[in-house]
Amino acid sequence: MSVVAIPTRIHPTARPERVGPVRPRTAPSVTITLDLAPGPMSPRVARLLELIGELAESGEGRLGPGLAEDRPTPRAVPAAVDPHVIRIAAGSRVVHQGARVVPLTRIEYDLLLFLAQQPRRVFTRLQLLSRVWGYEHAVARTVDVHVRRLRAKLDPDVPVVTTVYGVGYRLADEARIEIDPAR
């Protein structure tokens, strides 16, 4: 594996050897090249590709040509599963709702796992910032944004996160969540 970091610099506005518009580089770039052997990918390489995809989805980066198509697809879930049960594979950080893989960001995943591990307990926004985000120096409404995004990605017919007005959030009583720490 090779990693190349290109420092921030502004390109000259005109280069005779270059065709097309000149794009100023406004942020450092990192290029990662993986030489993959034929056969199944190791869990570490699959996780690396998953993290790169999360960066691209969050708008903090972009996937180069060929990478989006080559991303590993998560393992298929048997069709006989209940579509309302949410299964969290804690080892691989993958969430399934029924047979569907739910694409969550790191914070959305951590928030869901934290609430699922402590059902029927109400947490204030500041408690969630401290325990899930790991810091308290942020706007408490940040939690609201991530809860809204989490709810949008999950089935709207099955409530997962309940708002306790005037207090904070907790896992819904109707939420059927299974946590598999080994997977």
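Applying the ring-ring contact (aromatic ring centres under 6.0 Å, His included) test to Tyr109 and every residue at least two apart in sequence or in another chain returns nothing.
In this pair, Phe123 and Phe114 present their aromatic rings tilted. The plane angle is within the 30 to 60° band.
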Item to check | Steps toward side-chain contact (heavy atoms from CB on, under 4.5 Å) verdict (Asp180, Arg87) | outcome: CA-CA 7 Å; Asp180 185 357; Arg87 286 181 287 106; over 6 Å; no
Next on the checklist: Using the rule given for side-chain contact (heavy atoms from CB on, under 4.5 Å), can you reason through Gln97 versus His84, listing the C-alpha separation, both sets of side-chain angles and the distance that settles it, and then say yes or no?
Outcome noted: CA-CA 6 Å; Gln97 187 166 30; His84 300 298; 5.8 Å; no
Next on the checklist: Using salt bridge (Lys or Arg N to Asp or Glu O under 4.0 Å), reason through Arg125 and Asp144 one step at a time and then give a plain yes or no.
Outcome noted: CA-CA 8 Å; Arg125 290 175 182 88; Asp144 298 344; 2.7 Å; yes
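If you chain together hydrophobic residues whose side chains sit under 4.5 Å apart, Leu126 and Val143 fall into the same group. Taking hydrophobic clusters as Ile, Leu, Val, Met, Phe, Trp and Tyr residues chained together by side-chain heavy-atom distances below 4.5 Å, Ile107 shares a cluster with Leu113. Note on Ile179: it clusters hydrophobically with Val160, by side-chain heavy-atom contacts below 4.5 Å among ILVMFWY residues.
In plain terms, the two heavy atoms of Glu108 and Pro103 that are nearest each other are OE1-O, 4.4 Å. Of all heavy-atom pairs spanning Ala116 and Leu171, the tightest one is CA-CD2, 3.9 Å. Of all heavy-atom pairs between Ala172 and Pro159, the closest is CB-O, 3.5 Å.
Here Gln118 contributes atom CD and Arg170 contributes atom CZ; the two are 13.5 Å apart, rounded to the nearest 0.5 Å. Interatomic distance, Thr105 OG1 to Arg149 CZ, rounded to the nearest 0.5 Å: 7.5 Å. Separating the CG atom in Leu154 from the CG atom in Leu112 is a distance of 6.5 Å, to the nearest 0.5 Å. Rounding to the nearest 0.5 angstrom, the gap separating the CG atom in Leu128 from the CH2 atom in Trp133 is 6.5 Å. The structure places CG of Leu104 at 11.0 Å from NE2 of His146, a figure rounded to the nearest 0.5 Å. Note: Leu129 CG to Arg141 CZ = 11.5 Å, rounded to the nearest 0.5 Å.
The 12-atom threshold is exceeded at CZ of Arg131, counting heavy atoms of other residues, nucleotides or ligands nearer than 6.0 Å.
Among residues at least two apart or in separate chains, side chain to side chain donor-acceptor pair (under 3.5 Å) pairs with a member in residues 155-168 are Arg151-Thr163.
Using a cutoff of 4.0 Å between basic side-chain nitrogens and carboxylate oxygens, Asp173 and Arg120 are not scored as salt-bridged.
With hydrogens and angles ignored, the 3.5 Å screen pairs no side-chain donor or acceptor of Ser130 with any backbone N or O of Gln127.
Put simply, the side chain of Glu178 reaches to within 4.5 Å of the side chain of Val85, judged on heavy atoms.
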